[in-house]
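The next block holds one structure in the form of structure tokens; read it before the comments.
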Amino acid sequence: MTKPPNLDLIRHAYDTVAADYARFIKDPGELDPLSRAMLAAFAELVRSADLGPTADVGCGPGKVTAHLAGLGVSAFGVDVSPKMVEAARAAHPGLRFHVGSMAALEADDGTLGGILAYYSTHHTPPGSLPGVFAEFYRALAPGGHLLLVTRVGEEGHQLLTHGYGGPAASFDCYRLPADRIAELLERAGFVVVGRMVQAPEEGAKRPVASFLVQRTGEPRAAASA
């Protein structure tokens, strides 16, 4: 698919804040019980299906990748930021991480047992999401699962100039309603197995939605937004 128009901007932003980001974000074991439960359910599904490795796309410093590995999942991480990948490799030398884009995964058709997109799709412009979801569908084996977690709300765009306590950096952030994300996933060919919307935690403004979906059948062409 065509490279999302803001990919270079996001790469530069996360390269800039990589060290601060690794300190800022929580370890998965410190998450709330519902978030931990969704990750555990996803891990059980992909582990028991045993259809191939699981890609953690937008893996950052690898904390969630390592959490999945600790749950018995054959997981590897992918991130557009070389600095993030460098941090992930240093923190988790026993796992595999590489620089790449969720819009063009380095995986043959139908070879992944799972894909995790954990707070990583919100930088993608809504017009590019159908192509990203089609790429997820292409790479997943029939019967494979995708877990997508993101903040949701009324559709809008925000350009942040600081983040994660680090130096100035520009982040494009896009919000969509949960129903719209579910619709785009279904248009890509996925079946929504489970969906959870959590109220904003203390200090946050927007709820968090988790979509557990499954690939069935043959790949579909990317639909327009």
Exercise for the section: Would you mind reporting whether Glu186 and Val192 have side-chain heavy atoms less than 4.5 Å apart? Expected result: yes

Practice task
Indicate, with yes or no, if Phe190 and Met196 share a hydrophobic cluster defined by side-chain heavy-atom contacts under 4.5 Å among Ile, Leu, Val, Met, Phe, Trp and Tyr.
Solution key: no

Exercise for the section: Using a 4.5 Å cut-off on heavy atoms from C-beta on, say whether the side chain of Ile25 contacts that of Pro61. Expected result: yes

Handout entry: hydrophobic_cluster_shared for Val46 and Leu39, side chain cutoff 4.5 Å
Key = yes

Completion exercise
Minimal heavy-atom distance between Val197 and Pro207, with the atoms involved, is CG1-CB, 4.0 Å

Exercise for the section: Decide yes or no for Arg11 and Asp15: does some side-chain heavy atom of the first lie under 4.5 Å from some side-chain heavy atom of the second? Expected result: yes

Exercise for the section: Mark yes or no: Arg96 above the aromatic ring of Phe76, with NZ or CZ under 6.0 Å from the six-membered ring centre and no more than 45 degrees from the axis. Expected result: yes

Exercise for the section: Answer with yes or no whether the hydrophobic clustering places Leu147 together with Val78; edges join I, L, V, M, F, W, Y residues whose side-chain heavy atoms lie under 4.5 Å apart. Expected result: no

Problem - Nearest-0.5 Å distance, CG of residue Leu148 to OH of residue Tyr119 - result: 10.5 Å

Problem - Minimum heavy-atom distance Pro130-Leu184, with the two atoms named - result: CG-CD2, 4.2 Å

Practice task
Report the C-alpha separation of His92 and Phe97 in whole Å, then their side-chain angles, then the decisive distance to 0.1 Å, and conclude whether the side chain to side chain contact (heavy atoms under 4.5 Å, CB included) test is met.
Solution key: CA-CA 9 Å; His92 310 287; Phe97 299 92; 4.0 Å; yes

Handout entry: Closest contact, heavy atoms only, Lys63 versus Ala22
Key = NZ-O, 2.8 Å

Handout entry: Heavy-atom closest pair, residues His123 and Asp172
Key = ND1-O, 2.7 Å

Handout entry: Arg215 side-chain N/O to Gly144 backbone N/O, donor-acceptor pair under 3.5 Å
Key = no

Practice task
Would you indicate whether the side-chain heavy atoms of Val152 and Arg175 approach each other to under 4.5 Å?
Solution key: no

Handout entry: Closest non-hydrogen atom pair, Leu95 against Ala69
Key = CD2-CB, 3.9 Å

Practice task
With rounding to the nearest 0.5 Å, note down the distance linking OG1 in Thr111 to CG in Asp109.
Solution key: 7.5 Å

Problem - Phe42 side chain reached by Val73 side chain, heavy atoms, under 4.5 Å - result: no

Problem - Point-to-point distance, once rounded to the nearest 0.5 Å, from CD of Gln198 to CG of Asp32 - result: 4.5 Å

Problem - Carboxylate-amine/guanidinium contact Glu183 Arg180, below 4.0 Å - result: yes

Problem - hydrophobic_cluster_shared for Leu212 and Leu68, side chain cutoff 4.5 Å - result: yes

Completion exercise
Result for side-chain contact (heavy atoms from CB on, under 4.5 Å) between Asp79 and one of Asp56, Val57, Val85 points to Val85

Handout entry: Rounded distance [0.5 Å steps], OG1 in Thr150 versus CG in Leu176
Key = 8.5 Å

Exercise for the section: Kindly indicate whether the side chain of Cys173, heavy atoms from C-beta on, has any atom under 4.5 Å from the side chain of Arg151. Expected result: no

Exercise for the section: Give a yes or no on this: more than 12 heavy atoms of other residues, nucleotides or ligands lie within 6.0 Å of atom CD of Glu154. Expected result: no

Fill in the blank from the handout: To the nearest 0.5 Å, atom OH of Tyr174 lies from atom CD of Glu155 at 11.0 Å

Practice task
Report yes if the side chains of Met102 and Phe136 come closer than 4.5 Å at any heavy-atom pair, otherwise no.
Solution key: yes

Practice task
Kindly state whether the ring of Tyr118 and the ring of His67 have centres lying under 6.0 angstrom apart.
Solution key: no

Problem - Cationic N near anionic O, under 4.0 Å, Glu135 to Arg138 - result: yes

Exercise for the section: Flag yes if Leu51 and Ile115 sit in one hydrophobic cluster, no otherwise; membership is Ile, Leu, Val, Met, Phe, Trp, Tyr, and two members link when side-chain heavy atoms are under 4.5 Å apart. Expected result: no

Exercise for the section: Working to the nearest 0.5 Å, report the span between CG of Leu146 and CZ of Phe211. Expected result: 10.5 Å

Handout entry: Over 12 foreign heavy atoms within 6.0 Å of NZ, Lys83
Key = no

Practice task
State, to 0.1 Å, how close Ala55 and Leu112 come at their nearest heavy-atom pair, and which atoms those are.
Solution key: CB-CD1, 4.0 Å

Handout entry: pair Pro126-His157: side-chain heavy atoms closer than 4.5 Å
Key = no

